[in-house]
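One-based numbering, in listed order, for ligands and for the atoms of each.
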Amino acid sequence: MTIPIKQIKIRKLNMRLKNPFTTSFGTMQDRAFFITEAEDEEGNHGFGESVAFISPWYSEETVETNAHVMEDFLIPILKENKLTHPDDVSALFTPIKRHNMAKSALEGAIWDLYAKQKNISLAEALGGKKTEIDVGISIGIQPTVQDLLNTVDHYVQEGYKRIKIKIKPGWDVDVLRAVREQFPDTPIMADANSAYTLKDIPHLQQLDDLDLMMIEQPLAHDDIVDHAKLQAAMKTPICLDESIHSLEDTRKAIQLGSCKIINIKIGRVGGLTEAKRIHDYCLKHDIAVWCGGMLEAGVGRAHNIALTTLSGFTLPGDTAGSSRYWEKDIITPEVKVESGKIHVPSKPGIGYAIDRQVLDAFTVEEKVFHF
Ligand SMILES: O=C(O)CCC(=O)C1=CC=C[C@@H](O)[C@@H]1C(=O)O
Ligand SMILES: [Mg+2]
């Protein structure tokens, strides 16, 4: 059996976040990205989303590199080869080095198309069993500590299962201590987005008193060696985000003792197939995982929800409700969070419909590739 594909459409969208999001590497509010759509002759449509940002400050990929790599390399590979399963896509893309977010955007559309052709949910196609998932929220750097405390309070009241706080030098130990004092029982973690070096070990060791669930990516975006040194010097579990691009990276980081937790982002690791492989490996090696976010619109959010139904995702992820990010999301219904949980849709594929009117309204460019 093959996965019949008639055409792939890639649409560039411009959307604006309700509020600016600030991390140690900068502030963003305008979000440009691609929605990919794979279509068959039967009228099934599979959707994917690229998660690269406009600037290469999270990783080397950008919206423009996504366009170049999808159009000039990845789509031609898909046109030349028959697929029998979505897992084939990552194997076919292997000769293209990195560009994982571009790969993931196309692979995601094929996973969704495949699940719709089989008339099963994407969660089921991936082997996920959960019918609801626990979610947390990621809070950017705020103008003042009081603003942060108010924001944390707001999301704690809404029921989010854990609060992630972005930190950077000058906005870290004292700020987290203030949050811990006001919220003694709330699960709290910190994300540094690679803002520190080994010179900061004594400073970071102060975090050990704050009962944090973890500290995410404290050291360089491409490091797993120094993280092992830091993990040996700290009680707080280290979680790797930017450093992990593949199962191979995961294997090496675990072997070195660089982390106790991994944040799996589908785009960063090249798609759902590799994300699932990393999940399976971590489960075997007693490493906890959770699903990270990239300020996605509805399609990417739906993919994150489906992945999180796998049993190893034991920690709440960053997939908050649509209304936290957007005035109007491109899916219907929007993703809703109730008491810190998202109900997993059971309809075929991603389980949410695309709101074509909203999609069209945000589309600034589109290209169709006939197979
Ligand atoms: O709400 C989300 O989608 C997660 C937000 C978030 O924490 C991140 C989004 C984008 C880039 C990073 O700063 C980051 C992360 O590092 O996990
Ligand atoms: Mg992170």
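Hydrophobic cluster membership is shared by Ile5 and Leu78, with clusters built from Ile, Leu, Val, Met, Phe, Trp and Tyr side chains linked at under 4.5 angstrom. A single hydrophobic cluster is seen to contain both Ile167 and Val175, as judged by linkage of ILVMFWY side chains at heavy-atom distances under 4.5 Å, directly or through other members.
For an aromatic pair to be called close, the ring centres must be under 6.0 Å apart, and His221 with Trp57 fails this. Taking the six-membered ring where the residue is Trp, the centroids of Phe73 and His68 are separated by under 6.0 Å.
Among Glu216, Glu242, Gln217, the single residue meeting the side-chain hydrogen bond (donor to acceptor under 3.5 Å, both in side chains) criterion with Asn193 is Glu242.
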Just the distances, no angles: every ligand 1 N or O to protein N or O pair closer than 3.5 Å, one line each.
unit_1   : atom_1 : unit_2 : atom_2 : d
ligand 1 : 1 (O)  : Tyr325 : OH     : 2.6
ligand 1 : 3 (O)  : Met294 : N      : 3.4
ligand 1 : 3 (O)  : Leu295 : N      : 2.9
ligand 1 : 7 (O)  : Ser138 : OG     : 2.8
ligand 1 : 7 (O)  : Lys164 : NZ     : 3.3
ligand 1 : 7 (O)  : Lys166 : NZ     : 3.2
ligand 1 : 13 (O) : Lys166 : NZ     : 3.0
ligand 1 : 16 (O) : Lys166 : NZ     : 3.1
ligand 1 : 16 (O) : Asp191 : OD2    : 3.0
ligand 1 : 16 (O) : Asn193 : ND2    : 2.8
ligand 1 : 16 (O) : Asp241 : OD2    : 3.1
ligand 1 : 16 (O) : Lys265 : NZ     : 3.4
ligand 1 : 17 (O) : Lys164 : NZ     : 3.0
ligand 1 : 17 (O) : Asp191 : OD2    : 3.4
ligand 1 : 17 (O) : Asp241 : OD2    : 3.3
ligand 1 : 17 (O) : Lys265 : NZ     : 2.9

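Inter-residue side-chain proximity for Asp191 and Ile165 is flagged as unmet; no heavy-atom pair is nearer than 4.5 Å.
No donor-acceptor pair under 3.5 Å is formed between the side chain of Thr2 and the backbone N or O of Lys82.
Taking both residues in full, the closest heavy atoms of Gly48 and Val299 are given as C-CG1, 3.6 Å, listed atom of the first, atom of the second, then distance.
By the 30° and 60° cut-offs, the orientation of the rings of Trp111 relative to His85 is perpendicular.
Excluding waters, the set of protein N, O or S atoms lying under 2.8 Å from the Mg ion (ligand 2) comprises Asp191 OD2, Glu216 OE2, Asp241 OD2.
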